[in-house]
Amino acid sequence: MVPPHAINGPDPLDSLRDAARKLADRGAIRDEIVSGIYGVSADICRRSVKYKDRDKLRSTYKLDNIVTSKIWGFPIMLAGLGLVFWITIAGANYPSSWLASLFGWIEGYLTSGFEALHAPAWLHGVLVLGLYRGTSWVISVMLPPMMIFFPVFALLENFGYLPRVAFNMDRMFKKSGGHGKQALTMSMGFGCNAAAILSTRIIESPRERMLAILTNNFVPCNGRWPTLILLSSMFMVGAAATGMVKTLATALVLMGIVLVGIAVTLGVSWTMSRTALRGVPTHYTLELPPYRRPQILKTILRSSKEKSLNVLTRAIVVAAPAGIITWVLGNVMVGGDSVLNHMAAFFDPFAHLIGLDGFILMAFILGLPANEIVLPILLMGYMSSGAMVDVDGLGGIKDIFLSHGWTWLTALNMMLFSLLHYPCGTTLVNIYKETRSLKWAVVSAALPLGIALAVTFTVAQLAYLFGWA
């Protein structure tokens with residue numbers, strides 16, 4: 001017999017079905033529990049905490065309603081990224097030219113000194129044409145963009161905007177099986193992929209941390225920016241574009257390349273989370289700090305010291321011996337031709353299938369220690385002198401590329417290959433140290449290489465099929 005008072009109450013079967021549904025959807029019941037806890041906490045906070053500056057708190061809420069909204073959050077984020085690229089490109093052009101001229105002037109005196117000492121030609125080649133030119137190229141090309149890019153990102157972080165970027169990206173990473181904090185580690189990757197590997201320690205879940213490590217490479221690090229900026233400005237922007245129009249167009253191309261990297265990151269995360277790294281995404285609770293006025297001078301000085309100069313030092317340490325090795329390969333003759341040319345000829349048939357040439361593949365292989373030296377090695381390979389070349393500005397570099405059969409397809413596929421290929425040697429070492437697994441270190445190199453080859457092969461074959469190149 002059912003008690004009369006129970007007839008008007010909730011149907012027990014409906015309650016059981018609702019409970020079963022929530023239990024089946026573990027993410028929903030977890031979110032409901034967390035939301036309930038935060039709701040009670042917020043109520044306690046409202047009744048017990050007195051704010052000294054309620055106007056500032058209201059301003060933060062109003063701004064967050066815009067920058068973290070589903071409608072405006074991503075457009076603002078993309079516009080900010082494009083602005084950072086524009087500032088970096090526009091601000092780095094002249095300092096790079098000045099530094100290149102300065103190093104060229106110094107090289108003249110170094111050459112005169114070697115001649116005065118009657119030093120052998122091979123010694124001048126190794127120390128000046130290999131060591132000095134390779135190092136000076138890295139400094140003149142890398143230093144100006146880094147001195148702009150890192151401080152601007154640091155100012156955004158100091159202002160409190162980067163946590164909002166992570167909040168916006170959280171939904172996408174959660175759907176792909178990753179973790180919202182991966183957005184923060186990905187932002188670190190824009191500066192240095194090796195440092196971004198260390199930053200994955202903020203992700204508590206081992207599975208999701210491994211996803212972040214494996215996909216960290218798909219955002220361009222500082223060593224790849226010179227290649228991407230140079231090729232996009234020379235081949236991806238119309239010849240009629242000049243001045244601010246050219247800079248803006250280059251920034252848009254770079255933003256498109258970055259979006260390709262983010263799309264690959266989410267795609268790989270989705271695939272891996274359903275195959276080799278199965279699991280349920282953990283809940284991400286992110287505390288959004290209040291906006292604050294950036295300490296401009298202090299932030300710029302700190303980021304320049306801790307990021308720009310540290311990354312540059314690492315690049316120089318790697319570029320110096322690489323310059324020597326490349327000069328040796330370019331000047332040691334076997335069968336009437338240099339070892340460098342023999343290597344390029346070996347890779348050329350396969351490279352053509354992916355829209356590149358043998359010299360480009362050879363440059364990426366020799367540039368494994370650091371992405372910064374890929375472009376100098378490529379230019380050296382193209383020059384019969386077998387030395388790190390000193391050409392007259394971007395026009396001279398473009399003429400060298402065009403004389404070796406470059407088209408828009410060559411430039412595009414080199415940009416895509418540079419974006420997607422295996423990490424640099426330092427990053428691979430960090431991956432091995434963080435994972436303590438040779439298997440995952442190999443996977444972290446083989447996976448992006450396979451994706452880079454697949455993407456460039458597809459693009460090249462489509463271009464050949466439709467007669468675009």
Side-chain angles (χ1 to χ4, degrees), residues 85 89 137-138 141-142 145 193 217-237 249-261 264 322 326 340 343-383 388-389 391 394-424 448-464 468-469:
F85 290 151
I89 296 167
W137 175 283
V138 169
V141 170
M142 283 187 59
N193 289 149
N217 182 65
F218 297 124
V219 292
C221 65
N222 195 75
R224 307 180 196 203
W225 285 123
T227 300
L228 297 177
I229 292 173
L230 191 71
L231 297 184
S232 60
S233 63
M234 288 193 302
F235 289 93
M236 298 293 108
V237 178
T250 304
L252 291 175
V253 171
L254 287 176
M255 191 163 63
I257 291 291
V258 171
L259 291 178
V260 170
V264 172
T326 308
L340 211 59
M343 292 173 63
F346 175 79
F347 291 120
D348 200 61
F350 175 75
H352 183 72
L353 293 176
I354 59 174
L356 304 176
D357 64 28
F359 283 102
I360 298 174
L361 280 189
M362 174 207 63
F364 277 111
I365 293 171
L366 294 178
L368 173 63
N371 291 303
E372 296 85 353
I373 62 176
V374 170
L375 203 55
I377 291 175
L378 175 60
L379 289 170
M380 175 180 151
Y382 281 150
M383 301 296 287
M388 292 284 184
V389 296
V391 293
L394 297 183
I397 295 177
K398 186 174 182 179
D399 289 339
I400 293 173
F401 289 157
L402 291 175
S403 67
H404 284 82
W406 274 51
T407 64
W408 67 269
L409 176 63
T410 315
L412 175 61
N413 272 15
M414 183 170 177
M415 292 171 67
L416 290 172
F417 195 86
S418 178
L419 172 73
L420 302 173
H421 80 297
Y422 47 77
C424 69
L449 177 60
I451 292 174
L453 293 175
V455 170
T456 51
F457 176 81
T458 302
V459 172
Q461 295 308 310
L462 287 175
Y464 296 149
W468 296 335

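Nearest heavy atom pair, residue Cys424 against residue Asn371, reads CB-ND2, 3.9 Å. Residues Val258 and Pro220 approach most closely at CG2-CG, 4.1 Å, considering heavy atoms. Between Met415 and Ser232, the shortest heavy-atom distance links the atoms CE-CB, 3.7 Å. Residues Tyr422 and Phe364 approach most closely at OH-O, 2.9 Å, considering heavy atoms.
In this structure, the side chains of Ile365 and Phe347 come closer than 4.5 Å at one or more pairs of heavy atoms. By the 4.5 Å heavy-atom criterion applied to side chains, Leu378 and Phe401 are counted as neighbours.
Within the model, atoms CH2 of Trp408 and CE of Met236 stand 7.5 Å from one another, a figure rounded to the nearest 0.5 Å. Note that the NE2 atom of His421 and the CZ atom of Arg224 stand 5.0 Å from one another [nearest 0.5 Å]. Rounded to the nearest 0.5 angstrom, Leu228 CG and Ser418 OG are separated by 5.0 Å. Note that the CH2 atom of Trp225 and the CD1 atom of Ile257 stand 9.5 Å from one another [nearest 0.5 Å].
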Do any side-chain atoms of residues 354-362 form donor-acceptor pairs under 3.5 angstrom with protein atoms, and if so which ones, sequence neighbours left out?
unit_1 : atom_1 : unit_2 : atom_2 : d
Asp357 : OD1    : Phe359 : N      : 3.1
Asp357 : OD1    : Ile360 : N      : 2.9
Asp357 : OD1    : Tyr382 : OH     : 3.4
Asp357 : OD2    : Tyr382 : OH     : 2.6

Validation: residues 454-464 side-chain donor-acceptor distances under 3.5 Å, sequence neighbours left out:
unit_1 : atom_1 : unit_2 : atom_2 : d
Thr456 : OG1    : Ala452 : O      : 2.7
Thr456 : OG1    : Leu453 : O      : 3.2
Thr458 : OG1    : Ala454 : O      : 2.8
Gln461 : NE2    : Leu353 : O      : 2.9
Tyr464 : OH     : His352 : O      : 3.0

